[in-house]
2 protein chains.
Amino acid sequence: MNIRSDIHGYPAGSCHLYRTGAVAQIQERLLSSGDARDLADLFQVMADPTRLRIISLLAETELCVCDIAAALEMTPSAVSHQLRVLRMAQLVKFRKEGRMAYYSLDDDHVLKLYTQSLDHLGHMPGGAIGPLGKS
Amino acid sequence: MNIRSDIHGYPAGSCHLYRTGAVAQIQERLLSSGDARDLADLFQVMADPTRLRIISLLAETELCVCDIAAALEMTPSAVSHQLRVLRMAQLVKFRKEGRMAYYSLDDDHVLKLYTQSLDHLGHMPGGAIGPLGKS
DNA sequence: TTAATATATGAACATCCGTTCAGATATTCA
DNA sequence: TGAATATCTGAACGGATGTTCATATATTAA
């Protein structure tokens, strides 16, 4: 009886965790399916160039949709769609003033995550992601 | 002559940035297209439940493919595919020992980004806050 | 050598995602 | 009122993506 043969029909192997019976131990620090999905959703929202550029604009001040669209040289429609995604993920909030909607970052956690990722990018050799592994 | 009419054929609006001519100013802090794409690629790699769970496993120790597969209750093939994605993004590295491949996190920036995002999740009002949700 | 194990990879499939387009709502101005 | 503006939204199209399946390579065991 092991996980592989029970669940996936794999023949029992000889990986050391099975020999030592340490599977339960490493599963304790395993992110739950639910948390993994929630986290993935968060990263998914950040995983778009347009949304990241919007965040970079909102990092310092609130802006209305048409100005964001102008700065990004995109249609207000496309920007509005992306702002909706950011809004639903609670990464940005907005206030209505007349016919304008002024958007800003929801809290400083967004900014922290953004700057943290920029920091990580700075540590990537060449910035771009190359093939296979590290030298 | 403004960006919208030049590039997208939109009629000139009256957004305040155009009246004050501050477009160039906000464009200075705008993330470049290239950087935005690189950052989006990084987040994209993080934006998958399986890859996040792998990262959570590798947060404390190196593991071989079959043990990761066992802990995740997935096929080694699926795990190998995801490890390849993590490897190409330089989020994990591996060493070959016989027929086994032991994977570990490439550097602590990955872990920082991961824990930072967990922290953000903990601040989400509606978001699911699981056992690992907050530290 | 032959068999079993550990990992890697290409193709295929279903699903998801960002933009465009058309159109809707709401506010302001003449 | 009617026209222009600011924003929003649903549908659709093309492209990206994660898993499965079959298969390939390499290492170890018998």
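Each chain gets a letter, A, B and so on, in the order the sequences are listed, and its residues count up from 1.
Atom CE in A:Met74 sits about 18 Å away from atom P in D:dA6, given to the nearest Å. Whole-Å rounding puts the B:Phe94 CZ to D:dA26 C1' distance at 13 Å. Rounded to whole Å, the distance from CG on A:Asp41 to P on C:dT15 is 18 Å. The nearest whole Å value for the distance from the CD atom in B:Gln44 to the P atom in D:dG15 is 17 Å. Across the protein-nucleic acid pair, A:Lys96 atom NZ and D:dT5 atom C1' stand 13 Å apart, rounded to whole Å. In this entry the distance linking CD1 of A:Ile68 with C1' of D:dT7 reads 12 Å, nearest Å. Between A:Ile54 atom CD1 and C:dG18 atom P the separation is 11 Å, expressed in whole Å. Per the geometry, CG belonging to B:Leu52 stands 14 Å off C1' belonging to D:dG18, to the nearest Å.
Between B:Thr75 and D:dT20 there is a side-chain N or O to OP1 or OP2 distance below 4.0 Å. Note on A:Thr50: a side-chain N or O is less than 4.0 Å away from OP1 or OP2 of C:dT19. The shortest distance between the side-chain N/O atoms of B:Gln82 and the OP1/OP2 oxygens of D:dT19 is below 4.0 Å. Side-chain nitrogen and oxygen atoms of B:Arg84 include at least one within less than 4.0 Å of the OP1 or OP2 phosphate oxygen of C:dT9. Contact check, A:Tyr103 against D:dA6: no side-chain N or O comes under 4.0 Å of OP1 or OP2. Note on B:Arg99: every side-chain N or O is 4.0 Å or more away from OP1 and OP2 of D:dA29.
One N or O donor and one acceptor, one from the side chain of B:Ser77 and one from the base of C:dT9, sit under 3.5 Å apart.
Judged by closest nucleotide on DNA chain C, B:Ala101 is the one of B:Ala101 and A:Val45 placed further toward the 5' end. Nearest-nucleotide assignment on DNA chain C puts the 5′-proximal partner with B:Leu83, out of B:Leu83 and A:Asp48.
Between B:His120 and A:His109, the two ring planes are perpendicular [angle over 60°; tilted spans 30° to 60°].
For the side-chain contact (heavy atoms from CB on, under 4.5 Å) test with A:Val79, the passing option among A:Arg84, A:Arg53, A:Met74 is A:Met74; the others fail.
The main-chain N or O of B:Leu111 is found under 3.5 Å from a side-chain atom of B:Thr115 such that the two form a donor-acceptor pair. A:Arg51 contributes no side-chain N or O that, together with a main-chain N or O of A:Leu86, makes up a donor-acceptor pair within less than 3.5 Å. Side chain of A:Ser104 to main chain of A:Glu62: no donor-acceptor pair is present (N/O by atom type, distance under 3.5 Å, no hydrogens or angles).
Here the nucleotide nearest the side chain of B:His81, chosen from C:dA11, C:dA8, D:dC8, is C:dA11. Considering only side-chain atoms of A:Val65, the nucleotide from C:dT7, D:dT19, D:dT7 that sits closest is D:dT7.
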